[in-house]
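Reading through the structure tokens given below for one structure.
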Amino acid sequence: MKKKELLGIAILAAGIGAGVVYSGLQPNSWYQMSLSQSAHHDSAGTTTVAKTAYVSNDPATQAYDKVKASVVTVQNLQKKASLSQGIEAFLNQNKSQNNDSLETASEGSGVVYKIRDGYAYIITNNHVVDGSAAIQLINADGQKIQAEVVGTDAGKDLAIVKAKTDILKTAATFGAVDKLKAGQSVLAIGSPLGSAYASTMTSGIISAPRRELSSKDTGGTALTTIQTDAAINPGNSGGALVNLDGQVIGINSAKISASSDGTSVEGIGFAIPADIVQNFINQNEK
């Protein structure tokens with residue numbers, strides 16, 4: 001075979017090969033459709049799928065399963081008023097408790113820590129409920145529950161919410177934090193960006209078991225925190241930082257997204273340690 005003919009065949013083969021790869025990248029291509037069809041039909045026109053039970057032994061999955069039902073979305077409801085309605089209506093916009101006249105101003109997360117006498121008690125961040133006219137909870141199944149704020153501490157950025165309900169049936173347990181070590185695996189569970197992403201879990205490690213943040217760092221009061229690189233985003237505030245035993249070791253509170261000079265930052269999040277949370281709860285339940 002002549003050299004020119006060999007070259008022509010090589011070019012043609014390359015063209016066909018490229019065509020198959022290219023067509024495989026196209027939506028609704030024959031290549032994709034034929035794979036899809038062959039994956040769903042056998043020669044008799046039916047498919048038999050074996051019924052296989054699978055139980056995960058992954059510690060992160062087991063920890064998530066323990067805590068998931070106790071983590072809720074916390075909606076801060078406020079009444080929207082404008083200056084056109086008068087200065088009094090604008091200043092008093094959140095005094096109305098009529099939920100029909102309220103709208104969701106912001107969303108965060110919360111953790112059920114106790115269920116007693118028909119009430120569920122939820123710990124969250126103060127900044128999640130601050131300025132609310134009413135509070136609405138959404139559980140992992142999407143059910144809505146009316147609640148009320150019963151205790152706050154702006155300095156610690158903690159708040160307690162109470163709801164009379166039989167929908168919330170699972171309370172989380174707190175874990176010890178005195179022996180936490182850098183490098184220990186942790187999970188963050190909450191509603192990043194709100195209820196649309198409820199029950200989201202991210203994973204990471206403890207970057208520092210005890211990190212002191214100054215008032216300059218926080219823009220308010222100094223805080224003692226657990227630093228983690230688990231992804232914490234707006235909406236995760238008030239959610240659970242969990243160890244692999246499924247115990248809550250902190251309440252997610254904040255992250256650093258940029259330095260003071262505008263440098264972008266990743267993987268620096270903070271949670272309020274469980275011992276500080278428990279002290280706050282005890283002080284507000286006396």
Side-chain angles (χ1 to χ4, degrees), residues 60 63-64 67-68 71-76 104-111 122-132 152-159 161 172 174-175 177 180-244 247-277 280:
Y64 175 74
V67 181
K68 175 184 175 181
V71 179
V72 297
T73 301
V74 180
Q75 293 185 320
N76 181 322
T104 303
S106 62
E107 294 184 288
S109 305
V111 181
I122 297 94
I123 187 75
T124 185
N125 289 140
N126 179 71
H127 75 260
V128 170
V129 302
D130 188 40
S132 63
T152 62
D153 187 323
K156 292 184 175 68
D157 194 23
L158 290 170
V161 172
F174 290 106
V177 296
L180 294 180
K181 295 183 180 298
Q184 182 177 335
S185 295
V186 289
L187 312 170
I189 304 174
S191 303
L193 303 183
S195 54
Y197 293 94
S199 301
T200 291
M201 177 178 74
T202 57
S203 65
I205 60 170
I206 292 176
S207 304
R210 219 73 169 178
R211 177 74 72 192
E212 303 296 333
L213 301 180
S214 68
S215 57
K216 183 179 180 180
D217 293 329
T218 65
T221 57
L223 288 175
T224 299
T225 66
I226 299 169
Q227 182 185 335
T228 179
D229 72 341
I232 295 174
N233 292 291
N236 273 119
S237 293
L241 188 69
V242 180
N243 62 24
L244 293 187
Q247 300 169 326
V248 176
I249 58 170
I251 297 299
N252 299 320
S253 181
K255 66 178 291 187
I256 295 177
S257 57
S259 66
S260 58
D261 64 0
T263 302
S264 180
V265 175
E266 295 290 342
I268 303 182
F270 303 97
I272 302 168
D275 57 342
I276 295 175
V277 174
F280 168 75

Looking only at heavy atoms, what is the nearest atom pair of [X] and [Y], with distance?
X	Y	result
Leu213	Thr218	CB-CG2, 3.8 Å
Ala271	Asn252	CB-OD1, 3.7 Å
His127	Ser237	NE2-OG, 3.0 Å
Ile251	Val277	CG1-CG2, 3.7 Å
Val71	Ala240	CG2-CB, 4.2 Å
Ala172	Val248	CB-CG2, 3.7 Å

Can you give the donor-acceptor pairs under 3.5 Å from side chains of residues 219-227 to other protein atoms, not counting sequence neighbours?
unit_1	atom_1	unit_2	atom_2	d
Thr221	OG1	Gly155	O	2.8
Thr224	OG1	Glu212	OE1	2.8
Thr224	OG1	Glu212	OE2	3.3
Thr225	OG1	Arg211	O	3.0
Gln227	OE1	Arg211	NE	2.8
Gln227	OE1	Arg211	NH2	3.0

In the structure I gave you, are the side-chain heavy atoms of [X] and [Y] within less than 4.5 Å of one another anywhere?
X	Y	result
Phe280	Ile272	no
Phe270	Ile256	yes
Ile206	Ile249	yes

Does the [X] side chain pair with the main chain of [Y], one donor and one acceptor, at a distance under 3.5 Å?
X	Y	value
Asp229	Gly204	no
Asn126	Ala159	no
Ser109	Gly238	no
Asn125	Asp157	yes

Distance, nearest 0.5 Å, that separates OG1 of Thr200 from CG of Asn233: 9.5 Å

Rounded distance [0.5 Å steps], OG in Ser253 versus CD1 in Ile232: 8.5 Å

Using distance only, find each side-chain donor-acceptor pair of residues 180-199 under 3.5 Å and give its atom names and separation, not counting sequence neighbours.
unit_1	atom_1	unit_2	atom_2	d
Gln184	OE1	Lys181	N	3.4
Ser191	OG	Thr73	OG1	2.7
Ser195	OG	Glu107	OE2	3.1

Of all pairs that satisfy salt bridge (charged side-chain N to carboxylate O under 4.0 Å, His left out), the ones with a partner from residues 249-266, not counting sequence neighbours: none

